[in-house]
Amino acid sequence: MAPSLENSPEGNTYGNNDRQYPDVNWEEMGFSLTPTDYMYVMKCSTGEDFSQESLIPYGNIELSPCSGILNYGQGLFEGLKAYRKEDGQILLFRPEQNALRMKAGAERLCMPSPSIEQFVDAVKQTVLANERWVPPFGKGSMYVRPLLMGSGAILGVGPAPEYTFLVYASPVGSYHKHQRSLNLVVEEKHHRASSGGTGGIKAVANYSPVLNALTRAKAQGFSDVLFLDAATGKYIDEGSACNIFSVKGNTISTPPAHGIILPGITRKSIIKIALTLDYQVEERPVTIDELMDADEAFCTGTAMVVASISSVTHQGRRIEYKTQADAVSQKLRETLTGIQMGRLEDTMGWVVEVN
Ligand SMILES: *Cc1c(COP(=O)(O)O)cnc(C)c1O
């Protein structure tokens, strides 16, 4: 089914293949939802495999008031981006990594998960069905949001009897639209995750507990919070939805992804790129004192890609970092986005063509 163009009377034609875009101001787009045409849905009951996929018009879904997701937070999300290349080709970045992470999260939350092939295929179908919403080359990206949830009714605490895998998409611009770099504040009251918990998976229930700290930080003018480890309060964990790196000389350090911090795909890719650019990379516990003494610091995540940190505030002390064009984070960002957008050769085999 061809996506309907009736909502875009002023849709503009772009490029040499007469692509019809919706009426979106690509330049002004931030990281917020612009509903698109279709979403992908697939269900399964406990003990069965996911089947009967469908692409249906994007819209509200029906859920039992007694569903596992609504009552017990039995749910996971993922996030990945599709970029349009100069020649019109659409690229995904390491989608199988998101599929693997969802699989690991599903095991932790006692949910069945789509196979890696089903996941990647669902993402591709969602992007293609909404192709007119993939921004023109250089104007942003299409953010794809897969969800896995216990949709069946379950009254006593236990795994739900039915599961829904759903994928929707939205064109997005920059995550921190009006900020070139981030001002972080160290959270002194709350922790994000602890040993044996669910910090290492994208469980939906991990995110409402950070809202209190994030809201307080934003009210004080900060871009994000920085969480410290729950056990000692001496080591840095990560931000509300991004991993953190510290740079000293030629050495880049980041906390290890062993179950407490979220194993970011951007994090993993940046480590690889940094090694190929001859930086020394250390995955090890990093103290807050060490971060406060670093030359440079940056955050990584699909939404923001690589964002330099301009300051960290800890117990009232504010440290400023260099954020110039020659910063390490800028070089890493250039290389990563170059590969993601198809401007640089993909020697790692990371990008996947959609169309
Ligand atoms: C999603 C997420 C990240 C970044 O992961 P990417 O795969 O790079 O997008 C980092 N930290 C948290 C808490 C996250 O939810």
Side-chain angles (χ1 to χ4, degrees), residues 31 73 75-83 92-105 108-109 116 119-120 123 141-148 169-170 172 174-176 182 184 187 190-194 197-214 217 223-230 235-246 252 254-274 283 286 297-307 309 329 332-333 335-337 339-340 348 350-352:
F31 196 85
L76 290 168
F77 72 95
E78 269 304 328
L80 64 164
K81 280 176 172 173
Y83 285 97
L92 289 169
F93 185 70
R94 310 185 79 179
E96 74 295 338
Q97 293 290 321
N98 297 88
L100 285 164
R101 192 166 63 189
M102 179 168 269
K103 208 170 184 52
R108 178 67 175 80
L109 299 186
I116 309 306
F119 180 102
V120 174
V123 168
S141 60
M142 172 172 272
Y143 184 75
V144 184
R145 172 56 65 84
L147 297 174
L148 179 63
S170 170
V172 294
S174 152
Y175 193 71
H176 296 280
L182 311 180
L184 303 186
E187 169 61 17
H190 294 158
H191 292 289
R192 179 185 172 274
S194 57
T198 55
I201 60 170
K202 268 180 128 68
V204 296
N206 287 349
Y207 296 84
S208 44
V210 310
L211 297 180
N212 184 290
L214 186 60
S223 355
D224 199 355
V225 279
L226 174 56
F227 288 102
L228 299 180
D229 80 294
Y235 299 93
I236 56 172
D237 272 357
E238 59 179 324
S240 61
C242 58
N243 295 118
I244 184 160
F245 289 76
S246 154
I252 302 176
T254 194
H258 291 158
I260 292 180
I261 69 159
L262 198 285
I265 296 161
T266 319
R267 172 188 179 279
K268 187 170 167 175
S269 308
I270 281 296
I271 290 173
K272 200 66 176 266
I273 290 172
E283 287 183 76
V286 178
F298 61 91
C299 287
T300 64
T302 296
M304 66 187 67
V305 192
V306 179
I309 296 172
S329 62
L332 297 172
R333 184 188 166 91
T335 308
L336 180 59
T337 56
I339 296 170
Q340 290 174 328
M348 319 269 194
W350 283 345
V351 296
V352 172

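Only a predicted model underlies this, so the values are computations on that prediction, with no experimental measurement involved. Counting starts at 1 for both ligands and their atoms, in listed order.
The 4.0 Å heavy-atom shell around ligand 1 contains residues Arg101, Arg192, Lys202, Tyr207, Glu238, Ser240, Ala241, Cys242, Asn243, Leu262, Gly264, Ile265, Thr266, Gly301, Thr302, ordered by chain and number.
Listed by chain and number, the residues in a ring pair (Phe, Tyr, Trp, His ring centres under 6.0 Å) with Phe227 amount to none (sequence neighbours excluded). In this view, Tyr235 satisfies the ring pair (Phe, Tyr, Trp, His ring centres under 6.0 Å) rule with no residue, not counting sequence neighbours. Phe119 is linked by a ring pair (Phe, Tyr, Trp, His ring centres under 6.0 Å) to Phe165, counting only residues two or more places apart in sequence or in another chain.
Environment of NZ in Lys268: sparse, with no more than 12 heavy atoms of neighbouring residues, nucleotides or ligands closer than 6.0 Å.
Between Phe77 and Tyr207, the ring planes lie perpendicular to each other; the angle is over 60°, past the 30° to 60° tilted range.
Without hydrogens or angle criteria, Asn206 side chain to Ile201 main chain gives a donor-acceptor distance under 3.5 Å.
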